[in-house]
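FYI, side chains are in, hydrogens and waters are out, and symmetry mates aren't considered; it's all heavy atoms of this structure. Quantities reported herein were computed from a predicted structural model and do not represent experimental measurements. Atoms within a ligand are numbered from 1 in the order they appear, just like the ligands themselves.
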Amino acid sequence: MSVHTFDEITVESLRAANGKKWVEFGSATGAWIAEMDFGTAPAVQSTLRRAVETGEGLGYLPTRSRAALQSAFSGFVDARFGWQVAPADVRPIVDVLSGLQAAVRLTSRPGSPVILPTPAYMPFLTLPGALDREVIQVPLQRENGRYVYDLDALDAAFAAGGHLLVLCNPHNPVGRVLERSELQAISEVVERHGGRVFADEIHAPLTYPGHRHVPYATISPAAAAHTFTAMSGSKAFNLPGLKCAQLVLSSDADRETWSRLGGPYEDQASTLGALAATAAYAEGGAWLDGVLDYLDGNRQTLTELAAEHLPSAVTTELEGTYLAWLDLTTTGLEDPARFFREHADVAATAGSLCGEAGQGFLRFNIALPRPLLVEAITRMGAALAGR
Ligand SMILES: Cc1ncc(COP(=O)(O)O)c(C=O)c1O
């Protein structure tokens, strides 16, 4: 059996590269922050090298390069998701979280709470507070081990004054890829209350066989009219430090608002990030497919290893993303992340940081070279067994 080149990536090389995932917690295996250990697409690397050498990447973003990003993004989402987006509707922004800030400021009623299905990506719990918005947490429900929206609770959150729903799909941290019928049901609740949606689809290119990403804004004209969508190459092409995401406008009202007020958000996007994203979307497809294939193998490895070494953990099937969600509530561990850091030398994310619904859970990043994934889970199993 041939060895995959990703299998040969060593801890030493990851540390030598000074990646945050590998250097913040001493000798611990980096399974926490959402970065991958596989570098990025060759086309992105050569684009960045050239952009630094010529100086193009060091200046402000020329209109021509912005247009190239807009059209590369349109081509990518059409090819991957069958979503036809006019290039002019693709607006470069610095990152997805700045897109959420824009959505809160520009679309939600002043002071109205933000509705957040939980568990959730950690900054979603705190960012609204910085904008004088409370957060209404709406816990997802588990049906036959699969997380689903609680539509009655969502309805109640809107009735309680919530106005902007943060709809993360594919979902960090529970790994669901919502089906069209689920998105339709959610949009009906939103419409009933005249609400708005911030669709965070940053993990959209990272869906596994058997699942298909449906952009929320495509499901109906009503959904398009109440939605701002944010995407980025930062997860799928591993570019989070380059600071260029894309906000997609899908209604005339939002186009008009953005033309008046969106400028300051766009001006913050980085030129190197825009050039890298353009190369990723236009030329990185084959690399991405290879990564997805490898991650698919890791996801299967995790399921098998968890059954063997962590029998008390309940794993939810990962439909998309490389962030696994382990239910360790039956182990009685109060803080599983701390336990595994101290006793297995593995750094993963505490589920409690994802909201009350994450207490007793662990978010584990599987975008590791497979031998390191195997070692980490084996050590975690030994630590649990040795308690
Ligand atoms: C669901 C989700 N949204 C947003 C982000 C952050 O993206 P950005 O760095 O573009 O703000 C992440 C990063 O892991 C994420 O998982």
Quiz item: Quick one: which of Leu272, Asp267, Thr271 gives a side chain to side chain contact (heavy atoms under 4.5 Å, CB included) with Leu61?
Solution: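 When side chain to side chain contact (heavy atoms under 4.5 Å, CB included) is applied between Leu61 and each of Leu272, Asp267, Thr271, only Thr271 qualifies.
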Quiz item: Under the criterion side chain to side chain contact (heavy atoms under 4.5 Å, CB included), which of Val90, Val85, Asp89 is the partner of Gln70?
Solution: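 Result for side chain to side chain contact (heavy atoms under 4.5 Å, CB included) with Gln70: Val90.
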Quiz item: If Ile, Leu, Val, Met, Phe, Trp and Tyr residues are connected whenever their side-chain heavy atoms lie under 4.5 Å apart, and connections chain through other members, are Leu373 and Leu384 in the same group?
Solution: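 Yes, because Leu373 and Leu384 connect within a single hydrophobic cluster, where side-chain heavy atoms sit under 4.5 Å apart.
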Quiz item: Hey, which atoms in ligand 1 end up nearer than 4.0 Å to a heavy atom of Ala34?
Solution: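 Checking each atom against Ala34, I get 14 (O).
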Quiz item: Atoms of ligand 1 less than 4.0 Å from Cys168 heavy atoms?
Solution: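 Going through ligand 1 atom by atom, the ones under 4.0 Å from Cys168 are 1 (C).
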Quiz prompt | Pair Tyr147 and His171, ring centroids less than 6.0 Å apart | solution =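 Centroid separation for Tyr147 and His171: 6.0 Å or greater.
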If we set the cut-off at 4.0 Å for heavy atoms, which region of [X] has an atom near ligand 1: side chain, backbone, both, or neither?
X      : result
Ile202 : side chain
Asp200 : side chain
Ala245 : neither
Pro240 : neither
Leu97  : both

Practice problem: Apply side-chain contact (heavy atoms from CB on, under 4.5 Å) to the pair Asn365 and Tyr322, showing each step before the final yes or no. | Solution: CA-CA 6 Å; Asn365 180 343; Tyr322 50 76; 3.1 Å; yes
Quiz item: Rounded to the nearest 0.5 Å, how far apart are OG1 of Thr207 and CZ of Phe81?
Solution: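 One finds 7.0 Å between OG1 of Thr207 and CZ of Phe81.
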Quiz item: Rounded to the nearest 0.5 Å, how far apart are OG1 of Thr349 and CZ of Phe364?
Solution: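 Here the rounded value is 10.0 Å.
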Heavy atom of the protein closest to [atom] (residue, atom name, distance):
atom                    : value
atom 10 (O) of ligand 1 : Val96 N, 2.9 Å
atom 9 (O) of ligand 1  : Asp95 CB, 4.0 Å
atom 12 (C) of ligand 1 : Tyr121 CZ, 3.3 Å

Quiz item: Is it true that Glu317 and Arg299 have a side-chain N and a carboxylate O under 4.0 angstrom from each other?
Solution: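 Salt bridge between Glu317 and Arg299, a charged N being under 4.0 Å from a carboxylate O: yes.
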Self-check item: Pick from Lys235, Glu201, Arg363: the one approaching atom 14 (O) of ligand 1 most closely through a non-hydrogen atom
Solution: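 Looking at heavy atoms only, Lys235 sits closest to atom 14 (O) of ligand 1.
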Exercise. Tell me, please: is His203 in heavy-atom contact with ligand 1, that is, under 4.0 Å?
Key: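 A heavy atom of His203 does come that close to ligand 1.
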